[in-house]
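These numbers were taken from a predicted model, which means no experiment stands behind them. In what follows, every heavy atom counts, from backbone to side chain, and hydrogens, waters and symmetry copies are set aside. Note that the numbering runs from 1 along the sequence shown for the chain.
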Amino acid sequence: MALESIWPFTYRAFNAEAGETARAIINYFRNNEPNFWQATLRRYSFRGSGYQQGEEVRLEFNEKLSTCTDGELFDVANEILEWGGMDSLNSAMKQELKRSLACLNLLAKEETMDLNELCVERLASITKIYEMWDLDNWVIYDSYCARGLQWLISGLWQSLGYRTNERLLKLPWPPGRVGSPVADFPRAADTSPKQKRLGFIYGSWLCKAIADRLMVIENNGFHWRPFHIEMIAFQLGHEIGQ
């Protein structure tokens with residue numbers, strides 16, 4: 001089953017359909033390991049930096065993007081890509097970046113937008129910029145994060161014995177330097193640009209839904225945000241199969 005568009009195409013509508021799935025994912029892994037979410041976040045490591053340093057970097061890049069001029073946008077974007085170990089923006093990404101960020105702004109405000117306006121060229125790269133642009137709505141959708149999200153979803157599905165909300169949760173895997181998708185999940189390279197766009201957006205909304213519910217369930221003063229769930233998924237993506 002491929003991912004399907006919902007109507008209205010908003011986080012609120014996604015939450016209404018898949019929100020209880022987010023809570024079910026949280027509870028399934030908490031039941032197996034009570035401190036699962038915090039413990040996995042504490043294990044996060046990217047080039048020797050832990051989650052607190054990762055959070056600081058994200059806040060710094062968000063500040064740079066929010067205050068840069070149009071002429072500085074590509075320089076900041078390339079700085080983000082360099083941090084992520086990615087090549088600089090290519091011509092297609094440069095041509096479409098401003099339009100894509102405007103599209104994401106409309107989507108975050110639940111306003112009408114054209115999904116085709118969103119650039120998914122080099123998905124693992126450009127979504128690093130998307131996350132830094134708006135830390136409360138979008139996440140880095142690279143091979144490790146997607147694989148980690150697939151593993152979380154697959155774990156719930158196996159526990160239930162059926163695939164709940166498959167049309168919203170069968171997220172495609174963007175090919176990385178190493179690794180492969182979780183069994184029965186598609187590769188982004190084998191899907192249409194629309195599936196890549198839906199994968200990034202639904203993956204981001206799932207992270208947001210999990211973060212929103214963790215704030216309520218755990219109530220321990222920690223301010224969960226979507227990028228914390230992205231970090232957890234990234235870490236799990238590295239650990240799966242090791």
Side-chain angles (χ1 to χ4, degrees), residues 2-23 58-59 61-74 76-77 80 89 92-142 145-146 149 165 167-172 174 188 191-216 223-230 233:
L3 296 175
E4 299 177 3
S5 294
I6 57 175
W7 182 259
F9 194 70
T10 64
Y11 171 65
R12 193 167 4 182
F14 175 88
N15 215 15
E17 294 199 36
E20 290 310 308
T21 303
R23 180 181 291 273
R58 284 161 174 77
L59 292 171
F61 278 134
N62 175 255
E63 176 69 17
K64 286 185 177 183
L65 284 174
S66 64
T67 58
C68 72
T69 64
D70 284 351
E72 296 168 334
L73 176 61
F74 294 156
V76 178
I80 292 168
L89 296 168
M93 295 164 77
K94 285 182 178 180
Q95 184 176 352
E96 299 178 25
L97 181 59
K98 291 179 184 178
R99 186 169 66 238
S100 294
L101 297 179
C103 174
L104 291 177
N105 286 344
L106 291 173
L107 191 53
K109 292 185 288 187
E110 302 197 339
E111 296 182 5
T112 302
M113 42 72 71
D114 182 355
L115 188 60
N116 293 324
E117 296 284 291
L118 184 64
C119 177
V120 287
E121 177 86 6
R122 288 171 45 198
L123 189 60
S125 295
I126 201 162
T127 57
K128 289 178 171 58
I129 302 165
Y130 294 165
E131 177 178 273
M132 306 305 173
W133 176 253
D134 184 350
L135 295 173
D136 287 318
N137 284 290
W138 315 116
V139 303
I140 297 169
Y141 194 76
D142 63 11
C145 176
L149 290 175
N165 288 309
R167 70 189 188 96
L168 302 179
L169 299 176
K170 198 165 185 180
L171 305 174
T191 63
S192 67
K194 180 180 179 180
Q195 289 295 300
K196 295 176 186 177
R197 294 182 178 103
L198 291 176
F200 158 67
I201 293 168
Y202 290 170
S204 294
W205 283 347
L206 178 61
C207 288
K208 183 176 174 68
I210 291 174
D212 288 348
R213 278 154 183 75
L214 279 172
M215 284 287 291
V216 176
H223 184 193
W224 286 98
R225 299 176 73 178
F227 64 81
H228 291 124
I229 311 306
E230 172 256 304

- Does Leu73 reach the side chain of Leu101, with side-chain heavy atoms less than 4.5 Å apart? yes
- Message: Between Tyr11 and Asp212, do the side chains contain a donor N or O and an acceptor N or O under 3.5 Å apart?
- Response: yes
- Item | Interatomic spacing from OG1 in Thr21 to CG in Leu206 - rounded to 0.5 Å | 8.5 Å
- Is there a donor-acceptor pair closer than 3.5 Å between any side-chain N or O of Thr127 and the backbone N or O of Tyr130? no
- First locate atom OG of Ser204, then atom CD1 of Ile229, and finally report the distance between them rounded to the nearest 0.5 Å. 12.0 Å
- Message: So does Leu118 get a backbone contact from the side chain of Arg197, meaning a donor-acceptor N/O pair under 3.5 Å?
- Response: yes
- Message: Could you report the tightest heavy-atom contact between Lys94 and Leu89, atom names first, then the distance?
- Response: CG-CB, 3.8 Å
- Message: I'd like to know whether Thr10 forms a side chain to side chain contact (heavy atoms under 4.5 Å, CB included) with Asn15, so could you lay out the CA-CA distance, the side-chain angles of the two residues, the decisive distance to 0.1 Å, and finally the verdict.
- Response: CA-CA 8 Å; Thr10 64; Asn15 215 15; over 6 Å; no
- Short question: side chain of Arg213, backbone of Gly19 - any donor-acceptor pair under 3.5 Å? yes
- Task: Return the set of residues passing salt bridge (charged side-chain N to carboxylate O under 4.0 Å, His left out) with Arg225 (not counting sequence neighbours), or none when no residue passes.
- Result: Asp136
- Task: Would you sort out whether Glu230 and Glu131 count as a side chain to side chain contact (heavy atoms under 4.5 Å, CB included), showing the intermediate values?
- Result: CA-CA 10 Å; Glu230 172 256 304; Glu131 177 178 273; 2.6 Å; yes
- Message: I need the Met93 CE to Glu121 CD distance, nearest 0.5 Å.
- Response: 7.0 Å
- Query: At their closest point, which heavy atom of Leu149 faces which heavy atom of Cys207, and how far apart are they?
  - Reply: CD2-SG, 3.9 Å
- Task: Quick one: list whatever passes salt bridge (charged side-chain N to carboxylate O under 4.0 Å, His left out) with Glu72, sequence neighbours left out.
- Result: none
- Query: Mind checking whether Trp138 and Phe200 have parallel, tilted or perpendicular rings, split at 30° and 60°?
  - Reply: tilted
- Message: So which atom in Leu169 and which in Leu3 form the shortest heavy-atom distance, rounded to 0.1 Å?
- Response: N-CD2, 3.8 Å
- Query: Which pair of heavy atoms, one from Ile6 and one from Phe14, lies closest together, and at what distance?
  - Reply: CD1-N, 3.4 Å
- Tell me, with the steps shown, if Leu104 and Asp134 meet side chain to side chain contact (heavy atoms under 4.5 Å, CB included). CA-CA 9 Å; Leu104 291 177; Asp134 184 350; over 6 Å; no
- Side chains of Ile201 and Phe9: closer than 4.5 Å at any heavy-atom pair? yes
- So NZ of Lys196 and OG1 of Thr191: to nearest 0.5 Å the spacing works out to 5.5 Å
- Message: Rounded at 0.5 Å granularity, tell me how far SG in Cys103 sits from CG in Asp114.
- Response: 7.0 Å
- Query: Of the non-hydrogen atoms in Ala209 and Ala22, which two are nearest, and what is the gap between them?
  - Reply: CB-CB, 3.8 Å
What donor-acceptor contacts under 3.5 angstrom involve side-chain atoms of residues 106-113, with partners at least two apart or in another chain?
unit_1 : atom_1 : unit_2 : atom_2 : d
Glu110 : OE1    : Arg12  : NE     : 3.1
Glu110 : OE1    : Arg12  : NH2    : 2.5
Glu110 : OE2    : Arg12  : N      : 3.1

- Task: For residues Cys119 and Ser100, report the shortest heavy-atom separation together with the two atoms involved.
- Result: N-OG, 2.8 Å
- Would you call Lys98 and Asp70 a side-chain contact if the rule is heavy atoms closer than 4.5 Å? yes
- Query: Using the ring of each side chain (for Trp, its six-membered ring), is Trp224 parallel, tilted or perpendicular to His228, with breaks at 30° and 60°?
  - Reply: perpendicular
- Query: What distance do Asn105 atom CG and Trp133 atom CH2 have between them, rounded to the nearest 0.5 Å?
  - Reply: 5.5 Å
- With no hydrogens and no angle check, is any side-chain donor or acceptor of Tyr202 less than 3.5 Å from a backbone partner on Arg167? no
